[in-house]
Amino acid sequence: MDKEQYVVIGAGGHAKVVMDILLHNKKCIVGLTDISYGQKMTCMEYPILGTDDYLGVLLEHGIYNAAMGIGHVGYPKIRNNVYANAKKLGFRFPILTHPSAVCASNIHVGEGTLIAANSVINPEVEIGELCIINTSTVIEHEAVIANGVHIAPHATILGGASVGENTFIGAGAVVLQGVHIGSDCIIGAGSVILHDVSDKCVVVGNPGREIKRR
């Protein structure tokens, strides 16, 4: 059987992580699309085929699988818009899981989510669409992660905690059990979140404290 063929949308640093996971899963990368087309022609030796305007051409050639290579930091709205537009065109965004990740059998994961190397996701976790569960993340039992969340490397979400849409959890941060973090928040690297966080807050430190609203 032929390998599944994918286009990667975006050609920055996060795209390289996405491509590595695709290759570990023995998928075929036909190329990438990116706004840098013309100034930059390859990414990890794979061709940048054009801007996102080229996606329609790929559909005509029978390429229906896409992987989101646009990172979250600084670009959540762009990422969400590109994802929505590609889906309207007819692309699928399969879940991408690195083979080294450990995932319980009864988790629920939405379309377009990436689970990176050495992550651990324990029973009855719910993860929405287009999330990034980055390297060595731990998500404990019954936690709920909404759409568009990025949990950065080595962060830990403890049992029953929840994270709202488009929130960024920084590297090494810890969210204690049962704590709710709202939508569109930024939790700084290394922060320890002991109490609920309202929407659009930036929280840093141990213990975490709000420093501003977005």
Side-chain angles (χ1 to χ4, degrees), residues 10 12-18 20-21 68-81 83 96-98 100-104 107-110 112-214:
H14 181 64
K16 296 176 182 179
V17 177
V18 171
D20 182 67
I21 292 174
M68 179 55 67
I70 300 171
H72 183 281
V73 179
Y75 305 104
K77 288 184 179 179
I78 294 172
R79 198 168 187 269
N80 290 341
N81 289 339
Y83 174 68
L96 301 180
T97 304
H98 194 281
S100 66
V102 178
C103 299
I107 66 174
H108 178 270
V109 181
T113 284
L114 178 144
I115 301 173
N118 298 318
S119 295
V120 177
I121 304 176
N122 276 320
E124 298 186 2
V125 165
E126 296 184 18
I127 301 173
E129 295 184 21
L130 201 64
C131 293
I132 301 171
I133 310 302
N134 222 322
T135 310
S136 298
T137 291
V138 175
I139 304 178
E140 283 294 350
H141 57 90
E142 303 164 294
V144 178
I145 311 299
N147 296 340
V149 169
H150 180 181
I151 302 178
H154 295 279
T156 300
I157 311 297
L158 293 178
S162 59
V163 181
E165 291 189 354
N166 302 318
T167 283
F168 173 76
I169 307 292
V174 177
V175 179
L176 263 61
Q177 58 268 24
V179 168
H180 172 70
I181 296 176
S183 299
D184 301 305
C185 294
I186 295 175
I187 305 301
S191 298
V192 178
I193 308 304
L194 306 178
H195 304 291
D196 291 357
V197 175
S198 300
D199 294 349
K200 300 183 183 297
C201 286
V202 178
V203 177
V204 300
N206 179 8
R209 66 190 187 282
E210 179 185 329
I211 59 169
K212 66 179 180 178
R213 298 243 172 175
R214 301 179 69 191

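Numbers here are sequence positions counted from 1. Every value quoted in this text rests on a predicted model; they were computed, and no experiment measured them.
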With a 4.5 Å heavy-atom cut-off, do Arg213 and Ser198 have their side chains touching?
yes
Determine, stepwise, if the pair Val204 / Arg209 fulfils side-chain contact (heavy atoms from CB on, under 4.5 Å).
CA-CA 6 Å; Val204 300; Arg209 66 190 187 282; 4.1 Å; yes
Ignoring hydrogens and angles, write down the donor-acceptor pairs under 3.5 Å from the side chains of residues 181-192, residues two or more places apart or on other chains.
{"from": "Ser183", "atom 1": "OG", "to": "Glu165", "atom 2": "N", "distance (Å)": "3.2"}
{"from": "Ser191", "atom 1": "OG", "to": "Gly188", "atom 2": "O", "distance (Å)": "2.9"}
{"from": "Ser191", "atom 1": "OG", "to": "Gly205", "atom 2": "N", "distance (Å)": "3.0"}

CD1 on Ile115 to OG1 on Thr97, rounded to 0.5 Å:
4.0 Å
Give, for atom OG of Ser119 and atom CD1 of Ile132, the distance between the pair rounded to the nearest 0.5 Å.
11.5 Å
For the side chain to side chain contact (heavy atoms under 4.5 Å, CB included) test, which of Val144, Ile157, Ile133, Ile107 pairs with Val125?
Ile107
For the residue pair Gly10 and Ala15, what are the closest heavy atoms and their distance?
O-CB, 3.2 Å
Could you report the tightest heavy-atom contact between Ile70 and Arg79, atom names first, then the distance?
O-NE, 2.6 Å
If I compare all heavy atoms of Ala146 with all of Gly164, which pair ends up nearest, and what's the gap?
CB-C, 3.7 Å
Would you confirm whether His98, through its side chain, and Asn118, through its main-chain N or O, come within 3.5 Å as a donor-acceptor pair?
no
Do Glu142 and Glu124 pass the side-chain contact (heavy atoms from CB on, under 4.5 Å) test, and can you show the C-alpha distance, the side-chain angles, and the key distance before you say yes or no?
CA-CA 5 Å; Glu142 303 164 294; Glu124 298 186 2; 3.8 Å; yes
Rounded at 0.5 Å granularity, tell me how far CG in Leu130 sits from CG in Asn166.
8.5 Å
Once you measure the plane-to-plane angle for His14 and His150, does it fall in the parallel (<30°), tilted (30-60°) or perpendicular (>60°) bin?
tilted
First locate atom CD1 of Ile151, then atom OG1 of Thr167, and finally report the distance between them rounded to the nearest 0.5 Å.
10.0 Å
Of all residues at least two apart in sequence or in a different chain, which pass the side-chain contact (heavy atoms from CB on, under 4.5 Å) check with Thr135?
Ala116, Pro153
Of all heavy-atom pairs between Ala152 and Ala171, which one has the smallest distance, and what is that distance?
CB-N, 3.4 Å
Please list, chain by chain and in numerical order, all residues satisfying side-chain contact (heavy atoms from CB on, under 4.5 Å) with Gln177, sequence neighbours excluded.
Leu158
In Å, rounded to the nearest 0.5 Å, how long is the span from CD1 of Ile169 to OG1 of Thr137?
10.0 Å
Non-hydrogen atoms of Ala155 and Gly170 that approach each other most closely
CB-O, 3.7 Å
SG/Cys131 to CG/Leu114 distance, rounded to the nearest 0.5 angstrom?
10.5 Å
Heavy-atom nearest pair, Pro76 first then Gly74, reads CD-C, 3.4 Å
Does Asp20 use its side chain to pair, donor to acceptor, with the backbone of Lys16 at less than 3.5 Å?
no
If only side-chain N and O atoms count, and only distance matters, is there a donor-acceptor pair under 3.5 Å linking Glu129 with Asn147?
no
